[in-house]
Amino acid sequence: MLDFDSGVLAPAAGEFTRRLSDMAGAYADSEAVRSLLAHDDPVMYAGYDASVPPEAGHLTFRTTIVMPGTIGSEYFMTKGHHHIRDSAEFYLGMSGTGLLLMQSRSGDFAQQDLEPRASIYVPPGWAHRTINTGNVPLIFLAVYFGDAGHDYESVADVGFGWRVFRGAAGPELRAEAVDGA
Ligand code: S6P
Ligand code: ZN
């Protein structure tokens, strides 16, 4: 059972939690990261994993709950990743509002609004990262191949072509130089 309001999946194989210290280098304002980590290490996002074998032929799924907030003025986000075996993924918005950013290996960029009932296709070979641009938790479901695997290093090395900041009139996307894309 999926609880659309809380993101709880039950039964679940387990829960995962990512704190700021797990992704300190992802944010543009390294000084804001340092000063926050000096007295706190907040949970940036968490979620629940389905009990599905991580093997070919299976479809596995997990929920994610991204907390609301900013580092400096950059919205809380997920680390972002490629799948080790290039394969597609399906995202379903459950609660809250945000963006799903996607970037191909050749540097093409796409974004989709992630909101309740949004059904989004992530094509094979596109890295993906979610951003919470609202004031409440952003909650979504992701469905992907059991043997897809996760490659975080490529995204950490190359970066994403766009960052999302809180602006006076709402979320602002700003282009970012990326390495090798
Ligand atoms: C899995 C899917 C999502 C993310 C989750 C956390 O393929 O894309 O479930 O794993 O949103 O993001 P990240 O980038 O830390 O794995
Ligand atoms: Zn994924």
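In each ligand, atom 1 is the first atom listed, and ligand 1 is the first ligand listed.
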(request) State, yes or no, whether a side-chain contact exists between I71 and V33 at a heavy-atom distance under 4.5 Å. (result)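 Side-chain contact under 4.5 Å: yes.
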>> Any non-hydrogen side-chain atom of I139 less than 4.5 Å from a side-chain atom of F4?
In response: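 SC-SC contact between I139 and F4 ruled out.
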Worksheet entry | S154 and D157 side chains, donor-acceptor separation under 3.5 Å |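 Judged by distance alone, the side chains do not pair up.
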So the protein N/O/S atoms within less than 2.8 Å of the Zn ion (ligand 2) come down to H81 NE2, H83 NE2, E89 OE1, H128 NE2
- prompt: Is the centre of the H58 ring less than 6.0 Å from the centre of the F145 ring?
  reply: no
Exercise for review: Please confirm whether F160 and H128 have ring centers closer than 6.0 angstrom.
Suggested key: no
Steps toward side chain to side chain contact (heavy atoms under 4.5 Å, CB included) verdict (L173, Q111): CA-CA 10 Å; L173 269 76; Q111 58 156 314; 3.5 Å; yes
Original post:
Step by step, would you call L141 with F61 a side chain to side chain contact (heavy atoms under 4.5 Å, CB included)?
Top reply: CA-CA 7 Å; L141 176 75; F61 50 100; 4.1 Å; yes
Within the heavy-atom cut-off of under 4.0 Å, ligand 1 is lined by R18, Y45, R62, T64, T78, K79, G80, H81, H83, E89, Y91, H128, F140, A142, Y144, H150, Y152
For residues 46-63, the salt bridge (charged side-chain N to carboxylate O under 4.0 Å, His left out) pairs (sequence neighbours left out) are D49-R62
Side chains of residues 38-45: which donor-acceptor pairs under 3.5 Å do they make with residues two or more places apart or in other chains?
from	atom 1	to	atom 2	distance (Å)
D41	OD1	L20	N	3.2
D41	OD1	S21	N	2.9
D41	OD1	S21	OG	3.4
D41	OD2	S21	OG	2.6
Y45	OH	R18	NE	3.1
Y45	OH	K79	N	3.0

